[in-house]
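Note sheet for the following structure.
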Amino acid sequence: MRRFLYVHVLLCCLRTAHSFCPSQCTCVFHGGTDGTGTRSVLCNDPDMSDIPVNVPVDTVKLRVEKTAVRRIPTEAFYYLAELRYLWITYNSVTSVDTASFYNLKVLHELRMDGNMISLFPWESLREMPRLKTLDLHNNRITNVPVEAIPYILNITYLDLSSNKLATLPADLMDIWPPFNGVPVSANASQKVVLGLQDNPWFCDCKISKLIEISKMTDTPVVLMDLFLTCSGPENLAGVLFQRAELDNCVKPSVMTSATKITSPLGSNVLLRCDATGFPTPALYWAKTDGSPVNNTVQESPADGVRWSIMSLHGIVFKDAGNYSCKAKNVAGSIEATISLSVAGTISTTMPPLSSSSVGTGPPSQNTTVTPPVDVPSSTLLTSTVPLRTLTTPTPPPKKARPTQSNIMQKTTPKQRKKPMKTIEEAAEKDPVIDPYTLGNVEDSGQNQLFMIMSGIACALVLPLIALLIYKILALYCKGQNVNTDEEELEKESYVKFETISMKQRAMNSHPAELWARRQTQESERMLLCSRSSIDSQMTYKSDSSRSEYLC
């Protein structure tokens with residue numbers, strides 16, 4: 001019985017909540033036959049001065065129109081989690097708090113046209129991730145900051161008409177095709193509608209992309225009014241965007257010294273990028289894999305010209321990849337790519353074997369051990385070679401073998417306490433290597449090493465001696481045939497070098513005579529010119545790239 005009363009009271013409360021509507025507002029419930037539906041609330045009392053706080057929580061559409069509301073407070077709609085349409089139009093709103101739209105996660109449409117907003121909190125849009133329509137026309141907005149760009153990426157309907165905008169951020173148009181690099185598609189769902197008319201536009205390079213869009217016939221960005229007009233500068237006042245020509249605005253162009261570079265492992269590489277445009281473009285280096293790029297220098301020697309150099313010191317294999325150089329100004333951006341390859345091999349050194357690992361296992365009479373370089377050969381022989389494999393050289397002549405009685409006579413009483421072992425007994429209990437045998441093994445190893453080093457030295461020195469003798473003979477023969485071969489050398493030589501004397505030349509002689517010249521009928525060429533890149537080897541050049549030479 002108590003449970004039945006509790007359910008009945010709860011149902012009555014829910015019906016009361018659904019049927020309750022704020023004063024000065026009208027609530028309409030659009031229900032279905034299955035008991036579900038949506039609720040819309042309209043508040044249009046001219047005497048209303050505040051946003052109502054008791055709007056039903058199931059409201060999907062809220063309209064506050066033609067009231068005396070002047071301010072949107074913090075978290076004014078936080079309890080309306082199902083709100084999808086919010087219209088606050090033709091009121092007297094001048095202030096909008098940054099957190100005014102907190103918790104509106106499913107809001108699709110926000111209209112605040114017909115107010116007196118001069119500064120809109122663009123960062124508040126992050127509280128509305130599903131927002132597609134933003135209508136702010138007929139306000140007093142004077143500026144759209146660069147910080148607003150990330151928050152309007154997903155908006156497909158943006159109306160800023162009838163405000164006081166004279167310019168826009170140069171990067172704003174980069175979020176839409178064709179400036180964002182995404183291929184242009186004819187799909188209507190990807191269209192972006194912009195309302196920018198009836199603003200005092202100052203036509204310069206900052207809005208050159210907007211002027212360019214107004215001249216396009218097929219673009220995903222659609223202007224509500226194509227007849228946008230310049231209000232300044234004076235020479236363009238009253239001129240339509242479609243007819244405006246910006247003489248001092250040039251998109252950047254970029255050129256690299258090479259498109260593909262192959263450089264040896266450990267070398268130093270310089271990547272250069274040159275750009276032109278007006279205003280003078282800025283240059284940015286980046287690697288396609290996202291890794292950071294450092295050691296860059298750029299300079300602008302004149303207006304409209306800028307170059308940049310990125311240096312890579314002691315390159316390794318991870319430095320290989322594609323590097324992009326991007327030139328950007330308010331009129332546009334462009335980039336070029338340089339592909340860097342690293343040539344070389346990795347040399348690996350095997351770790352030396354320890355003496356403990358070499359001697360493991362039972363020794364074999366036919367086993368040969370090659371010691372590492374950093375381990376003495378005598379040490380390995382002592383620990384690994386079995387005793388029976390070593391040959392004992394002939395010992396020196398034996399003296400008279402002392403008898404035990406003679407030894408006992410020469411020893412002191414202290415020495416007599418411990419009986420002396422015979423040589424045969426000591427050898428049976430303590431088998432050690434004969435010192436004469438060990439010395440012989442060490443000498444043979446040293447002799448073998450000496451022979452190897454001598455062979456290597458002979459192999460290196462003998463060719464040098466032969467080359468020196470050949471040069472001496474060639475010079476001797478050349479001295480005898482100088483007069484004979486001089487005329488033939490003049491005929492067959494590709495380049496004829498003049499002898500530059502210290503005598504003063506005639507005033508009419510040309511300085512270029514000092515340069516080596518090619519004896520052909522073609523235009524004379526200077527042959528004393530070399531490539532500027534030593535460490536890097538260029539393997540491919542495109543039409544947009546060039547080689548650099550230093551003379």
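Annotation: side chain of N115 is not in contact with side chain of Y90 (no heavy-atom distance under 4.5 Å). Taking 4.5 Å as the limit, every side-chain heavy atom of N44 sits out of range of all side-chain heavy atoms of V64. Put simply, the side chain of Q197 does not reach to within 4.5 Å of the side chain of F227, judged on heavy atoms. Within the 4.5 Å cutoff, the side chain of F120 has heavy atoms near those of the M112 side chain. Residues T142 and L165 form no side-chain contact, since every pair of their non-hydrogen atoms from C-beta on lies 4.5 Å or further apart. No side-chain heavy atom of C205 sits under 4.5 Å from any side-chain heavy atom of N329. For the pair F241 and C230, the minimum side-chain heavy-atom distance is below 4.5 Å. No side-chain heavy atom of D174 sits under 4.5 Å from any side-chain heavy atom of N180.
Within 6.0 Å of the NZ atom in K61, the count of heavy atoms belonging to other residues, nucleotides or ligands exceeds 12. Under a cut-off of 6.0 angstrom, the local environment of OH in Y79 is crowded, with over 12 non-hydrogen atoms contributed by other residues, nucleotides or ligands. Atom CZ of F179 has more than 12 neighbouring heavy atoms from other residues, nucleotides or ligands inside a 6.0 Å radius. For CG of L226, the number of neighbouring non-hydrogen atoms (other residues, nucleotides, ligands) closer than 6.0 Å is greater than 12. K164 NZ: 12 or fewer foreign heavy atoms inside a 6.0 Å radius.
Residues S124 and T98 have side chains that never bring a donor and an acceptor to within less than 3.5 angstrom of each other. Side-chain N/O atoms of S308 and W285 include a donor and acceptor closer than 3.5 Å. With hydrogens and angles left out, the side-chain atoms of N322 and S339 include a donor and acceptor closer than 3.5 Å. Counted by atom type alone, H30 and S40 present one or more donor-acceptor pairs between their side chains at under 3.5 Å. Neither side chain, S161 nor D198, offers a donor N or O lying under 3.5 Å from an acceptor on the other. If you check the side chains of T67 and N91, you find a donor sitting under 3.5 Å from an acceptor.
Taking CD of E127 as the start and CG of L104 as the end, the distance is 8.5 Å to the nearest 0.5 Å. Atom CG of L134 and atom CG of L125 lie 6.0 Å apart (nearest 0.5 Å). Distance check: Q24 CD to S49 OG gives 8.0 Å after rounding to the nearest 0.5 Å. The distance from the OH atom of Y78 to the OH atom of Y102 is 10.0 Å, given to the nearest 0.5 Å. To the nearest 0.5 Å, atoms CZ (R84) and CG (L62) are separated by 15.0 Å. Rounded to the nearest 0.5 angstrom, Y157 OH and L194 CG are separated by 10.5 Å.
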Practice problem: In sequence, state the C-alpha distance, the side-chain angles, and the governing distance for D97 and T74, and then conclude on side chain to side chain donor-acceptor pair (under 3.5 Å). | Solution: CA-CA 6 Å; D97 193 81; T74 300; 2.7 Å; yes

Exercise for the section: Could you give me the CA-CA distance, side-chain angles and deciding distance for L110 and L131, then say whether side-chain contact (heavy atoms from CB on, under 4.5 Å) is met? Expected result: CA-CA 8 Å; L110 175 62; L131 189 67; 3.9 Å; yes

- Task: Mind running side-chain contact (heavy atoms from CB on, under 4.5 Å) on S341 and I261 for me, showing each step along the way?
- Result: CA-CA 6 Å; S341 300; I261 294 178; over 6 Å; no

- Query: Could you walk me through whether R130 and E109 pass the salt bridge (Lys or Arg N to Asp or Glu O under 4.0 Å) check?
  - Reply: CA-CA 9 Å; R130 297 188 182 181; E109 187 173 306; over 6 Å; no

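Side-chain atoms of N199 come within 3.5 Å of backbone atoms of N163 as a donor-acceptor pair (strictly under, hydrogens ignored). Remark: the backbone N or O of L196 is paired with a side-chain donor or acceptor of W201 at under 3.5 angstrom. In terms of modelled atom types and a separation under 3.5 Å, the side chain of N268 and the main chain of G314 share a donor-acceptor contact. When atom types are taken as modelled, the side chain of S100 and the backbone of P73 share a donor-acceptor pair closer than 3.5 angstrom. With hydrogens and angles disregarded, no donor-acceptor distance shorter than 3.5 Å links the side chain of T219 to the backbone of M216. A donor-acceptor pair is defined here as one N or O able to donate and one able to accept, closer than 3.5 Å; such a pair exists between the side chain of S324 and the backbone of A286. In terms of modelled atom types and a separation under 3.5 Å, the side chain of S300 and the main chain of V305 share a donor-acceptor contact. Listed for the Q298 side chain is a donor-acceptor partner under 3.5 Å among the backbone atoms of L283.
Cation-pi geometry between R111 and W87 is met: under 6.0 angstrom from the ring centre, within 45 degrees of the axis.
Taking the charged nitrogens against the carboxylate oxygens, K287 and D289 do have a contact shorter than 4.0 Å, which makes a salt bridge. A salt bridge is absent between R39 and E82: the closest approach of a Lys/Arg side-chain nitrogen to an acidic carboxylate oxygen does not fall below 4.0 angstrom. Salt bridge absent: K66 and D45 never bring a charged side-chain N and a carboxylate O closer than 4.0 Å.
Counting only residues at least two apart or in different chains, disulfide bond (SG atoms under 2.5 Å apart) contacts with residues 255-311 comprise C273-C325.
In terms of the side chain to side chain donor-acceptor pair (under 3.5 Å) criterion, residue partners of K328 (sequence neighbours excluded) are, by chain and number, D171.
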